[in-house]
Amino acid sequence: MEKQAQKKEMDNKKVVLTGMQPTGKLHLGSLLGALDNWCRMLDSYDCLFFLADQHAITMPHVPAELRRNAMDCVAQYIACGLDPKKCKIFLQSQIIGHAELMWVLSCLTPIGQLERMTQFKDKSKKVGQFVCSGLLFYPILMAADILLYNADLVPVGEDQKQHLEITRDIAQKFNGTYSDMFVLPEPYIGQTGARIMSLQNPTIKMSKSDKNQNGVVYITDTNEIIRKKITGAITDSGNDIAFDEKNKPGISNLLNIFAAIEGISIEEAVRQFSSLTSYVPFKQAVADAVIGKISPMREKYGEIVQDKDYMVEVLRAGREEAQRRANKMISKVYRKVGFVME
Ligand code: TRP
């Protein structure tokens, strides 16, 4: 059995690994900017997807919410197209190895580099007085997530690129200090890489923490709410449908959404609406497209969250495979650093 599994791994495709913090509900931005791209990789790569619940406790949180959000996010991953038959889905905290590898890697990472990380600086400003060491170590845990499975490609957004760079630095440091062990992972920026902005303020990214929730379309929104949010999107006072992110950020955002959903270029999307003389029918068309995309996902999500046995089985299979790989890696690492293994 072990042999078979190893063989499978060897003639396998490149390893793709990525994850998200389980902050609750997925929205149109995470769907078009991340998940859709992950789904496109399912057939060509050895795909591992996880929820970074250990990262989530670096910021103040409510335990019961974290637990519920983690399960909801798993259901939403699947509903959005991450077919558990084609990939492994697991929870970071359920695998013994992420925190262990982080410790080893922390002994190779200079504090100064951690203190200079953009996300650390931003987040420590946000939390104010109490800045925990976990926030400083966040990038090392992320490096451990990636290196534990020797991932070749890591699909991430622009904001996470710096974390990929430090991961490569840490991997190189380990390889140089001990001996070659880790693949240097590459960030993978998807085909569309659509950057979806808030519908109420198209100069900021669509995000769950947006104060104006009318700017955010969730996977769980009803068709009526989706239509209300899209048709109520802030746009300029003109009436021509043109792509101009600087002067017409609202219209450009809607064009981005439409093009990403339809799988067409921005130019093609503009062409489709070129004869319109008002924003109204354009917004209705975008709303139709978003509803067409999200409503089957919302329904599937509704079914999956009800089916506890199915969820448990998906996570069991993901955990088993991830743990098998993690164990192998930790043994190798421990041997290299000089821990007694017998
Ligand atoms: N830091 C990532 C984010 O906030 C989540 C994450 C944690 C991650 N570990 C990872 C992403 C490993 C890719 C690979 O989006």
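Order of appearance sets the numbers: ligands from 1, and atoms from 1 within every ligand.
Judged by distance alone, the side chains of Asp244 and Asn247 do bring a donor and an acceptor atom under 3.5 Å apart. Counting only N and O atoms by type, the side chains of Asp53 and Ser93 include a donor and acceptor under 3.5 Å apart.
For ligand 1, the atoms sitting less than 4.0 Å from at least one non-hydrogen atom of Ala52 are 7 (C), numbered in the order shown with element in parentheses. Those atoms of ligand 1 that come under 4.0 Å of a heavy atom in His55, given as number and element, are 7 (C), 9 (N). The Thr18 neighbourhood of ligand 1 comprises atoms 11 (C), 13 (C), with distances under 4.0 Å to a heavy atom of that residue. Residue Val154 has at least one heavy-atom neighbour below 4.0 Å for each of these atoms of ligand 1: 13 (C), 14 (C). Interface of Ile146 with ligand 1, defined as ligand atoms under 4.0 Å from a residue heavy atom, comprises 12 (C), 14 (C).
Annotation: Asp145 places an N or O atom under 3.5 Å from an N or O atom of ligand 1; distance criterion only. Taking only nitrogen or oxygen atoms, main chain and side chain alike, Gln160 reaches within less than 3.5 Å of ligand 1. Checking only distances, Gln119 never comes within under 3.5 Å of ligand 1, N or O to N or O.
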Report task. Evaluate salt bridge (Lys or Arg N to Asp or Glu O under 4.0 Å) for Lys228 paired with Asp221, printing each intermediate quantity in order. Result -> CA-CA 10 Å; Lys228 222 170 105 201; Asp221 282 347; over 6 Å; no

**Report entry** side chain to side chain contact (heavy atoms under 4.5 Å, CB included) between Lys283 and Val286, worked out
**Finding:** CA-CA 5 Å; Lys283 285 181 169 178; Val286 177; 5.7 Å; no

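Of the listed residues (Tyr149, Phe49, Tyr77), just one forms a ring pair (Phe, Tyr, Trp, His ring centres under 6.0 Å) with Phe90, and that residue is Tyr149.
The closest heavy-atom contact to atom 1 (N) of ligand 1, among the options Tyr138, Phe49, Tyr149, comes from Tyr138.
Summarising the geometry, atom NE2 belonging to His163 is positioned 10.5 Å from atom CG belonging to Leu141; distances are rounded to the nearest 0.5 Å.
In this structure, Lys336 is not positioned above the aromatic face of Tyr178 in the sense of NZ or CZ being under 6.0 Å from the six-membered ring centre and within 45° of the axis.
Looking at every heavy atom in both residues, Ile251 comes nearest to Asp236 through CG1-OD1, 3.8 Å.
Neither the backbone nor the side chain of Gln92 has any atom closer than 4.0 Å to an atom of ligand 1 (non-hydrogen atoms only). By the criterion of a heavy-atom distance under 4.0 Å, neither the backbone nor the side chain of Asp159 is placed next to ligand 1. Within the 4.0 Å heavy-atom criterion, neither part of Leu141 lies near ligand 1.
Checked against the 6.0 Å centroid criterion, the rings of Phe282 and Phe258 do not qualify as a close aromatic pair.
Of the protein's non-hydrogen atoms, Gly19 O, 3.7 Å is the one closest to atom 5 (C) of ligand 1.
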